[in-house]
Structure formats: structure tokens, C-alpha cells
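In listed order, ligands and their atoms are each counted from 1. Residue numbers start at 1 and run along the sequence shown. Heavy-atom basis, side chains included; hydrogens, waters and symmetry copies ignored.
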Amino acid sequence: MTSRISGFYKKSPKERLDIISKHLNLSNEEERLLLGEVGYSVNQANQMVENVIGVLPVPLGVAVNFKVNEKEVFIPMATEEASVIAAASHAAKFCFDGFFTSYSGSMMRAQIQAIEVTDPYGALSRIYENKALILEQCNEQDPTLVSLGGGAKDLDVHVIEGATEKMVVTHLIVDTKDAMGANAVNSMAEAVAPLIEDITGGKVVLRILSNLADQRIVRARGVFENPFSGDKEAMNKFIRAYELAQADPYRAATHNKGIMNGISAVVLATGNDTRAVEAGAHAYASITGRYKSLTHWEVNEDNSITGTIALPMPVGLVGGATQSNPVAKLATKILDVETAEELAGIVASTGLAQNFAGLKALAGEGIQKGHMKLHARNMAMMAGAEDDEMDNVVELANRRGEFSYDKIKQIVLSLQKDKGRT
Ligand code: MEV
């Protein structure tokens with residue numbers, strides 16, 4: 001099987017689904033779920049959140065041309081933004097050998113904040129002295145996780161200088177294995193809070209995970225082969241564009257937003273917590289005290305460029321919407337991953353590819369031309385174009401180079417007039 005499929009974007013949704021379906025042996029029911037013919041009902045949604053009145057569908061596409069750790073993958077991406085999936089697929093084409101990833105492990109942190117401690121440094125020491133007891137109490141909360149080899153493994157205690165006083169903040173370091181793990185670590189933090197009060201003599205306030213999951217770092221690396229066909233000037237502009245993100249937080253915010261276009265789309269498609277990943281990514285981007293690019297780009301002698309990315313990746317395959325949302329479950333099936341580590345590597349590779357595509361376009365002809373072409377479809381739909389008119393409207397808009405809503409509406413109306421639809 002190869003995920004390198006030329007002209008994938010030219011096919012109809014059904015033709016694309018047929019390719020994926022054949023590859024994964026999807027059932028009729030699964031196909032209908034993806035096509036939106038059956039699906040995620042209000043009743044299911046009502047089990048997940050409060051005050052439900054409906055569901056909001058988001059387009060689900062598949063990025064092609066990706067190979068991650070020698071394995072060909074189709075990457076499901078849920079996003080409302082035009083160009084994102086096309087850009088990731090385009091970028092991955094340059095990465096002939098594919099992406100290579102590593103994972104520091106699935107360790108989450110939970111913080112327990114103790115205030116009004118008379119001897120903060122003495123308390124810090126006493127907490128470490130009681131490490132075995134604290135970890136034991138934590139692990140009593142989640143025998144299943146412990147049986148899978150996970151659970152609370154370590155402590156990391158800080159004295160934090162607050163505006164009012166020095167606080168003692170105990171971090172529980174918990175291996176959450178293939179779960180994102182928020183519930184597991186929060187339950188542990190709440191359970192051991194009374195013990196922390198006994199040990200410190202203070203009062204516990206917060207008992208909650210930290211989204212700066214710096215012991216759950218995923219790294220991805222890809223070598224993009226001769227992306228500028230030997231054009232040194234274009235290559236130089238690409239690198240200069242990256243250098244601005246390294247040096248200037250205003251640019252870094254947009255640069256990293258582009259990376260998150262890819263990352264959040266895969267995280268959302270698999271039913272994971274986009275906000276947790278986003279919060280962790282941006283906090284990690286400022287870990288040096290200055291907000292910087294999540295990626296690095298280096299030019300090689302043979303005109304290839306090596307891209308690397310590192311960020312926290314608290315994603316899982318069990319728990320929450322990863323299981324309860326049937327489409328998210330199918331997205332995981334399409335990815336064909338068995339561990340959170342594999343998923344994390346694919347997510348990071350998508351972010352790296354996305355950044356490559358963004359920089360290449362921005363440092364070249366700019367993004368608006370390509371973007372507006374894709375966006376034309378969106379506007380044609382808003383202007384009331386029927387399915388069978390869509391290609392004509394987009395083609396005419398492209399030919400005329402006219403992409404404003406008003407111009408597209410005019411095209412739609414004139415086509416419909418010709419057909420006697422208005
Ligand atoms: C748009 O959603 C993302 C970009 O702005 C990213 C970037 O500037 O690198 C194109």
C-alpha cells in the first residue's frame with residue numbers, strides 16, 4: 001500500500017472514500033458514517049456535553065503522501081479551513097523518505113498547590129521523604145492504569161514565589177499510557193490533597209493537571225528533497241522566513257498557528273482535546289522565556305532542507321470522545337495506529353509538513369492565490385450554487401481571477417439564470 005496518490009484532490013468524496021475503504025476494509029455502515037448518511041446523533045451528543053440542541057459537522061478530509069516511521073499513512077484531518085489538507089499533502093510529497101519520530105513517554109503532570117505553609121522548603125523536603133506513600137495513594141485511584149504499567153511514577157516539588165507568599169507546589173508525574181489521562185491525573189491529585197496538607201501543614205487549593213506536558217514531548221524530523229529545484233534565492237527566502245519566527249514573537253504566533261492548523265485538525269479528527277494540545281504547544285514554544293517557533297529548518301549541501309519539530313503531545317486512543325464519537329473512532333482506524341506514541345508521531349509530522357507548506361508558499365508567490373481558489377468553493381456554496389453548478393462557478397471565478405463574494409454570487413446567479421433556475 002502507498003499513500004502517494006496523485007490527483008487525490010481531483011476525485012469525488014465517494015471515489016476518495018472508496019480508496020480508503022478498500023485499503024481498510026471498511027464496512028458499509030462505516031462508509032455511511034463517514035459520508036454523513038448515518039451518524040452522530042443528537043442523543044449521542046447529549047451524553048457528552050450539556051444543554052445540547054444539535055451537532056456541528058466539520059469537514060473531514062484525508063492527507064495523502066505521508067510515510068511516518070517507514071509506514072504509509074492516510075491522515076484524517078477535521079478542519080473548516082480551506083487549503084490546510086491540500087498543503088499538508090503537497091508538503092509530504094517532498095519528503096521522499098518520510099518522517100521519523102520519537103516520543104519522550106506518556107508522562108503527565110498534575111499540580112497540587114499548598115498555601116500558608118510556614119516552612120516551604122522544609123515542607124518540600126518532607127514531601128519527597130513521603131514519596132512512596134504519596135505515589136501509593138495515587139495509584140490506588142487507578143488500578144487499571146497500574147495494571148497496564150502506568151500510574152504515578154514520580155514527584156517534582158517546587159517552591160513558587162507568589163505575590164502573597166511562597167507556595168509549595170507538588171507535581172505528580174503520572175504515566176497515562178495510551179490515554180490522554182486528564183481524568184486519571186486529576187483524580188489522583190484530588191485524592192492525595194489531604195495527605196499533602198498533613199505533610200506540609202498548609203492548605204491545598206488547586207489540584208489539576210498542567211497542560212505544559214514537558215515529559216510527553218513528541219519529535220518529528222523530515223528531509224524535504226530539493227523543494228526549490230536548486231533555486232538558492234527561493235531557499236534563502238524560506239530560511240529567512242523561518243528565522244523571523246525564531247526572533248520575533250509576532251511572527252512566531254502566526255508561524256505556530258500554521259503548524260497548529262495541521263496538528264489541531266488531526267487531534268480533532270481523532271476525538272482528542274485540541275485545547276490541551278494547543279495550550280501545551282504555545283507554553284512549550286515559550287519555554288526559553290521567549291516565544292519562538294516550534295520548528296527548526298536547516299539547509300543541507302544537496303539542496304534538501306531538514307525540518308524538525310518538538311512539542312508536548314497529550315493525545316490518547318482510549319477515553320473520552322476518542323471512543324464515544326464514532327467518526328473519531330473511524331479516523332483512528334484510518335490512521336491504523338495502536339499506541340498513543342504512534343498517533344503523537346503522526347500528529348507532529350503533519351504539523352511539520354504544514355509549516356513547510358506555509359513557509360514555502362509565503363516565501364514564494366504568497367498564499368492568497370491558491371487559498372482563494374479553494375475558498376471560491378466555499379463562497380459559491382454560500383451564494384447558493386447547487387452541487388452540479390459548483391465546478392462551473394469555481395472554474396469561471398478562477399478564469400476571471402475574481403474571488404470576492406459579490407463576484408461569485410454574480411456568476412452563480414447568471415449560471416442559474418441560463419438554466420432557468422431563477
Ligand atoms: C493560515 O491559517 C496559516 C499561515 O498564516 C501560517 C504562516 O503564516 O506560516 C499561512
| task | Between V84 and ligand 1, find which residue part has any heavy-atom pair under 4.0 Å and reply side chain, backbone, both or neither. | result | neither
| request: Give the intermediate values and the outcome of side chain to side chain contact (heavy atoms under 4.5 Å, CB included) for residues I217 and Y103. | output: CA-CA 6 Å; I217 301 296; Y103 198 41; over 6 Å; no
| Should one rank E81, R251, K360, Q354 by closest heavy-atom distance to atom 7 (C) of ligand 1, which comes out on top? | R251
| remark: Atoms of ligand 1 under 4.0 Å from any heavy atom of H255, numbered from 1 in the order shown, are 9 (O)
| remark: In short, salt bridge (charged side-chain N to carboxylate O under 4.0 Å, His left out) pairs touching residues 259-275 with sequence neighbours left out are D273-R275
| Should G258 be listed as contacting ligand 1, given a heavy-atom distance under 4.0 Å as the test? | yes
| Which residue pairs pass the ring-ring contact (aromatic ring centres under 6.0 Å, His included) test when at least one of the two sits in residues 389-416, sequence neighbours left out? | none
| query | Can D391 and R377 be counted as an ion pair, charged N to O under 4.0 angstrom? | reply | yes
| task | For atom 10 (C) of ligand 1, grab the closest protein heavy atom and report residue, atom and distance to one decimal in Å. | result | I367 CD1, 3.8 Å
| field | For L362, atoms of ligand 1 separated by under 4.0 Å from a heavy atom | value | 7 (C), 8 (O), 9 (O)
| note | Residue, atom and distance of the protein heavy atom nearest atom 5 (O) of ligand 1 read T254 CG2, 3.6 Å
| message | For the CG atom of D175 and the CE atom of M107, what is their distance to the nearest 0.5 Å? | response | 4.5 Å
| task | Quick one: look up the protein heavy atom nearest atom 3 (C) of ligand 1 and list residue, atom name and how far away it is. | result | N261 ND2, 3.5 Å
| said: Can you confirm whether more than 12 heavy atoms, excluding those of K71, are under 6.0 Å from its NZ atom? | reply: yes
